[in-house]
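These notes concern the structure reproduced below.
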Amino acid sequence: MPPLEAAAVYIGINILLLIYLSSRVVFMRRSAQISVGHGGNLELELRTRAHGNATEYIPAMMVGLVTAAYMGIPVLWIHVLGGTFTFGRILHAVGLSGNILPARAFGMVLTWIAMIGIALMLIYHGLA
């Protein structure tokens, strides 16, 4: 599998994760009849933060993966970093949505490890 196609797999999965998290917010808003904010509804607040947090991290990493693929970073690294990031995002979403602190924290650590890894690779290959 070429690097760009590998990156596309993680982009697709993370897009689906964003849609899933967004739909959880929309359905909760409808059932609670809250159109703006969270109206004191803790469950809606958690769902909104889970979606918001994903939207804060996913785009930058996906740009990093595509850039790395175009720069010729080996496909193994695209899988290692893309898989680590995606697993971290899923763990974080589960942890935040269910208020499970260990899953949330470990998910964030995996997210940061993958993002730092891709950032360092891009800088190194960009300067080489």
Side-chain angles (χ1 to χ4, degrees):
M1 172 182 285
L4 190 56
E5 282 77 2
V9 169
Y10 299 106
I11 292 167
I13 293 169
N14 279 277
I15 288 171
L16 291 175
L17 178 59
L18 283 170
I19 291 168
Y20 171 73
L21 293 172
S22 175
S23 70
R24 287 174 35 89
V25 173
V26 169
F27 295 139
M28 176 60 72
R29 284 189 185 288
R30 285 182 147 189
S31 69
Q33 297 182 347
I34 301 169
S35 63
V36 177
H38 55 80
N41 183 317
L42 181 59
E43 180 68 21
L44 179 56
E45 184 176 7
L46 288 173
R47 289 182 182 198
T48 302
R49 277 312 311 142
H51 176 254
N53 189 275
T55 64
E56 293 162 2
Y57 284 94
I58 289 174
M61 183 63 178
M62 298 304 104
V63 169
L65 282 178
V66 169
T67 304
Y70 273 114
M71 292 178 80
I73 302 288
V75 69
L76 175 63
W77 283 110
I78 301 297
H79 282 299
V80 167
L81 296 172
T84 299
F85 178 84
T86 301
F87 184 60
R89 290 287 78 211
I90 291 168
L91 268 180
H92 185 271
V94 167
L96 184 56
S97 297
N99 204 15
I100 305 166
L101 188 57
R104 180 181 177 192
F106 189 55
M108 204 63 243
V109 168
L110 291 177
T111 296
W112 287 345
I113 287 170
M115 291 185 84
I116 290 167
I118 201 77
L120 292 175
M121 281 187 184
L122 291 173
I123 292 167
Y124 175 79
H125 286 277
L127 293 174

Atom pair [atom1] ([X]) and [atom2] ([Y]), whose distance is rounded to the nearest 0.5 Å:
X	Y	atom1	atom2	answer
I34	N41	CD1	CG	4.5 Å
I113	T84	CD1	OG1	7.5 Å
I15	M62	CD1	CE	9.0 Å
L76	I78	CG	CD1	9.5 Å
L120	H125	CG	NE2	10.5 Å
L81	M121	CG	CE	5.0 Å

Fill in: E56 and H51, any side-chain heavy atoms less than 4.5 Å apart
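Not in contact.
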Item to complete: Please examine the side chains of N53 and R89, heavy atoms only from C-beta on, and report whether any two atoms are closer than 4.5 Å.
Response: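 Result yes, sub-4.5 Å side-chain heavy-atom pair found.
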Give a yes or no on whether [X] and [Y] share a hydrophobic cluster (residues Ile, Leu, Val, Met, Phe, Trp, Tyr; joining criterion: side-chain heavy atoms under 4.5 Å apart).
X	Y	result
I11	I58	yes
M115	L65	yes
L17	V25	no
V80	V75	no
I73	L4	yes

Practice prompt. Apply side-chain contact (heavy atoms from CB on, under 4.5 Å) to the pair I118 and W77, showing each step before the final yes or no.
Written response: CA-CA 9 Å; I118 201 77; W77 283 110; over 6 Å; no
Worksheet item: Where do T48 and M28 land on the side-chain contact (heavy atoms from CB on, under 4.5 Å) test, with the steps shown first?
Response: CA-CA 10 Å; T48 302; M28 176 60 72; over 6 Å; no
Item to complete: Please assess F85 against T111 for the test side-chain contact (heavy atoms from CB on, under 4.5 Å), listing each intermediate value before the final yes or no.
Response: CA-CA 5 Å; F85 178 84; T111 296; 3.6 Å; yes
Discussion item. Once ring-ring contact (aromatic ring centres under 6.0 Å, His included) is applied, do any residues pair with Y10, and if so which ones, sequence neighbours excluded?
Written reply: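 Partners of Y10 under the ring-ring contact (aromatic ring centres under 6.0 Å, His included) test: H79.
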Item to complete: Examine distances only and state if a side-chain atom of S23 and a backbone atom of Y20 form a donor-acceptor pair shorter than 3.5 Å.
Response: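 Yes.
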Fill in: Side chain S22, main chain L18, donor-acceptor under 3.5 Å
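No, because the side chain of S22 does not come within donor-acceptor range (under 3.5 Å) of the backbone of L18.
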Worksheet item: Of the non-hydrogen atoms in A54 and L21, which two are nearest, and what is the gap between them?
Response: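 Closest approach of A54 to L21, heavy atoms only: CB-CD1, 3.7 Å.
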Fill in: Closest heavy-atom pair and its distance - A103, G95
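Looking at all heavy atoms of both residues, the shortest contact is CB-CA, 3.8 Å.
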Practice prompt. Can you establish whether the number of heavy atoms outside Q33 located under 6.0 Å from its atom CD is more than 12?
Written response: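 Not more than 12 within 6.0 Å, no.
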Worksheet item: Step by step, would you call R29 with R24 a side-chain contact (heavy atoms from CB on, under 4.5 Å)?
Response: CA-CA 9 Å; R29 284 189 185 288; R24 287 174 35 89; over 6 Å; no
Fill in: E43 with R47: basic N within carboxylate O range, under 4.0 Å
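Salt bridge present between E43 and R47.
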